[in-house]
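Excluded from the calculations below are hydrogen atoms, water molecules and symmetry mates; all remaining heavy atoms, backbone and side chain alike, are included. Since this is a predicted model, take the numbers as computed values, not measurements. Counting convention: from 1, in listed order, for ligands and their atoms alike.
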Amino acid sequence: MRTQPAPDRRVWRNWAGTATATPARWSRPRSEAEISAAVKDAAAAGLTVRALGSGHSFTAAAATSGVALDLSGWTGVTAADTGTGLVIARSGTTLRALNAELAGLGLAMANLGDIDVQTLAGALSTGTHGTGARLGGLATQVEALELVLADGSVTTCSASSRPELFSAARVGLGALGVISTVTLRCVPSFTLLADERPVPVDEVLEQFDELAAANDHFEFYWFPYGRQALVKRNNRLAGPDRAPGTRVPPALPAWRRFWEFEVMENAGFGALCRLGRARPRLIPALNRFSSAALSARTYTDASYRVFVTPRRVRFAESEYAVPRESLGHVIAELRRAVPRLADPVMFPVEVRVAAADDIWLSTGYGRESAYVAIHQYTGLPYQAYFDRFEAIVAEVAGRPHWGKLHSLDAGRLRSLYPRFDDFRRARAEVDPEGRFGNAYLARVLGSHDL
Ligand SMILES: Cc1cc2nc3c(=O)[nH]c(=O)nc-3n(C[C@H](O)[C@H](O)[C@H](O)COP(=O)(O)OP(=O)(O)OC[C@H]3O[C@@H](n4cnc5c(N)ncnc54)[C@H](O)[C@@H]3O)c2cc1C
């Protein structure tokens with residue numbers, strides 16, 4: 001008699017430790033046919049399905065009590081046209097692996113976020129973005145998507161084929177199907193000149209629009225008890241067009257990269273955070289110390305090495321996109337709110353910018369955005385801080401990052417996204433039974449019935 005294999009009751013946990021789940025089943029497909037078979041098997045067993053990325057969402061976006069689809073065996077670039085820059089990659093490819101493959105082809109993503117450990121599909125599905133007033137989030141770099149739908153069939157969508165599905169699925173929250181492959185519009189490899197320096201935060205706010213307009217990629221960090229911000233400006237080197245005699249700083253030598261990124265920004269900052277967690281009363285002083293210790297550096301490197309930094313100190317995060325013109329109000333309110341919190345804040349606030357886009361559930365839909373991200377060190381209380389932040393950004397119609405902590409539900413989100421019900425209709429059409437549902441989607445998209 002054949003014995004049944006013991007059910008796999010492994011626990012799924014996200015990077016931040018803010019979400020866990022116990023899937024009924026795990027599946028690790030290695031081909032599109034296997035993804036399709038896993039979806040059909042789930043349907044036959046009456047189970048829901050969620051594709052897993054790298055677990056770097058702070059929300060329970062990927063959590064499932066049904067079938068967890070681990071796509072770590074479905075990776076790599078399958079086609080590339082170096083003339084047009086169009087590249088097809090499998091959905092489980094991490095951004096790190098993708099960047100390396102693209103570099104080998106003389107190509108690059110036009111913009112990236114802060115880290116590269118996410119999977120391509122996971123990053124797209126929650127609206128992951130970097131910074132740059134003339135650039136949208138990662139999803140704006142997508143030319144076409146191939147999706148495995150709830151009935152196991154495979155469909156392709158793009159601006160010319162099933163355009164409504166394309167408008168929904170580029171930032172699709174995993175609600176429409178399993179992304180199988182992504183066609184990206186890449187650009188030729190480029191070098192960035194990175195300039196980072198402390199500037200008084202009031203000055204940054206006064207010059208915010210000019211800084212956003214004058215730099216390809218502009219952002220700033222601000223420790224909420226300090227007066228200084230760390231302003232980061234990353235600009236493309238013009239290559240051969242550069243004026244003769246222009247001094248170009250070199251790449252950081254390996255030892256300095258290690259010292260600054262690993263020792264100072266991870267190990268050193270991590271030690272300060274642990275001290276703050278053990279003695280919370282010291283936090284405002286530690287925070288001011290971190291602010292005063294900010295220093296300048298200028299270097300050049302391949303774009304993806306400048307965009308991305310290692311993040312080893314764990315934290316909880318919330319981030320909202322607000323209309324660009326309301327940033328000053330949001331920062332002023334945060335500045336008033338943080339010193340009044342019962343539990344002090346250890347981590348900096350990060351501010352970035354993005355262009356408007358036309359993707360239905362993109363935080364940048366139809367408006368130029370400033371992104372305000374707040375963080376708290378793991379193990380320190382954050383709820384009152386995040387609640388206060390939500391109340392502030394609610395005044396200016398802030399839209400939450402789908403992968404970062406927030407408490408909004410479908411009722412509120414409908415008022416923030418003009419195409420919200422179009423998204424729900426597109427979902428009802430391709431997934432009438434809610435095969436790809438989970439508790440997070442039930443909250444943010446509402447009941448499956450229209
Ligand atoms: C340290 C850190 C730094 C970060 N920096 C940034 C940043 O700079 N900018 C920014 O915008 N965000 C940032 N984020 C957030 C992060 O980019 C997003 O949460 C992203 O979704 C994580 O990707 P992932 O691969 O871990 O996906 P997961 O979190 O595992 O999944 C996210 C969603 O994608 C769905 N999904 C995954 N694969 C597929 C698929 N094949 N088909 C359909 N749906 C799928 C999942 O079901 C889930 O709903 C950061 C997060 C962390 C922890």
Aromatic contact, [X] with [Y] (centres under 6.0 Å):
X    : Y    : answer
W15  : F315 : yes
H217 : F307 : yes
Y382 : Y377 : no

Please confirm whether [X] approaches ligand 1 to less than 4.0 Å, judged on its heavy atoms.
X    : result
F58  : yes
R352 : yes
F315 : yes

Ring geometry between F347 and H375 (parallel below 30°, tilted from 30 to 60°, perpendicular above 60°): tilted

Which residue holds the protein heavy atom closest to [atom], what is that atom called, and what is the gap in Å?
atom                    : answer
atom 47 (O) of ligand 1 : A51 O, 2.7 Å
atom 2 (C) of ligand 1  : I115 CD1, 3.4 Å
atom 49 (O) of ligand 1 : R50 NH2, 2.8 Å

Using a strict cut-off of 4.0 Å, indicate which atoms of ligand 1 neighbour a heavy atom of [X].
X    : value
G113 : 8 (O)
S91  : 41 (N)
K404 : 6 (C), 10 (C), 12 (N), 13 (C), 14 (N), 15 (C)
T119 : 25 (O)

Selection from L124, D114, T126, T309 by shortest heavy-atom distance to atom 8 (O) of ligand 1: D114

Side chain proximity check, L413 to F420, heavy atoms < 4.5 angstrom: yes

Partner of S407 under side-chain hydrogen bond (donor to acceptor under 3.5 Å, both in side chains), chosen from E390, R443, R412: E390

Cation-pi check, R10 onto W26 ring (under 6.0 Å, within 45° of axis): yes

Residue pairs, two or more places apart or on separate chains, that pass side-chain hydrogen bond (donor to acceptor under 3.5 Å, both in side chains) and touch residues 86-98: R96-D116

